[in-house]
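Structure first, commentary second.
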Amino acid sequence: MAEILTYEKFKEIPLKEFSYDDETKGALQVLKWAYSHYGDKLVYACSFGIEGIILIDLIAQVNNKAKIVFLDTDLHFKETYELIDKVKARYPSLQIELKKPSLTLAEQAEQHGDELWKNNPNKCCEIRKVLPLNEVLSGATAWISGLRREQSETRKHTQFLNPDHKFKSVKVCPLIHWTWKDVWRYQHKNGLDYNVLHDKGYPSIGCQPCTAPAINPGDLRSGRWTGQAKTECGLHQ
Ligand code: SF4
């Protein structure tokens, strides 16, 4: 049996190589390998953006009992929660869990002040996203993310398999070669539900207080944390 690729062994074990000249640009191959390699030690942290919808559909073809976690900050759009209900109905055997932070919004306000996302968004993301994901990943060896290289400068060097220094895990990114057009072509072909906010100028959707319609059509993440230097929630380096 092949030695398990862990964070600690990332530089020691030759990495599995994947071609990406097939219909899913390597995504299905990567997912098949990842689920057979990691079994139930693999978690998908899904944001339920359009990339997440594509990945869920691909994952369901590979492992219809896969564990999928949504970091439920309690600050998402109602449209996002409605979409999650539709996805649960479409893929009833997937294990979709909404992971909450340890602090409620009221407790966070009491301990750190009102509207922390305005005064200290990094702290807010730490409490509501990073720490909960850390808990989720404590029982996992690897996690799946829907990052695409095209999304931003900070993501353009992402590989199919990445050492995740923050969470001491292996980050599996099956969609790195997909373009925005590829994503929507797949959605259309398969009639997949998606967040209706995508039709209202929001290519990237996170928490309501920190997400606006994209201000630059060429930059898919330009509606996230507008007016602030922040570009990532702290889950991806
Ligand atoms: Fe808080 Fe905004 Fe981060 Fe959501 S995206 S956790 S509201 S700072």
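Hydrogens, waters and symmetry mates play no part in the numbers below; they use all other heavy atoms, side chains included. Note that the structure is a prediction, hence the values are computed from the model and not measured. One-based numbering, in listed order, for ligands and for the atoms of each.
- Numbered from 1 in the order shown, with element, the atoms of ligand 1 that lie under 4.0 Å from a heavy atom of W117 read 1 (Fe), 2 (Fe), 7 (S), 8 (S).
- Interface atoms of ligand 1 facing L75, defined by a heavy-atom separation under 4.0 Å, are 7 (S).
- At a cut-off of 2.8 Å, C207 is counted among the residues with an N, O or S atom near atom 4 (Fe) of ligand 1.
- For K99, the side chain to side chain donor-acceptor pair (under 3.5 Å) test picks out E135, with sequence neighbours left out.
- Hydrophobic cluster membership for L116: L103, I127 (Ile, Leu, Val, Met, Phe, Trp, Tyr linked by side-chain heavy atoms under 4.5 Å, directly or transitively).
- By the 4.5 Å heavy-atom criterion applied to side chains, V30 and V172 are counted as neighbours.
- Between the side chains of Y202 and N195, no donor-acceptor pair of N or O atoms lies under 3.5 Å.
- Only the side chain of C210 comes within 4.0 Å of ligand 1, judged by heavy-atom distances.
- Comparing heavy-atom distances from atom 1 (Fe) of ligand 1 across P132, P101, C124 singles out C124 as nearest.
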Check the pair E115 / K118 against salt bridge (charged side-chain N to carboxylate O under 4.0 Å, His left out), numbers first and verdict last.
CA-CA 6 Å; E115 300 189 317; K118 283 186 184 164; 3.0 Å; yes
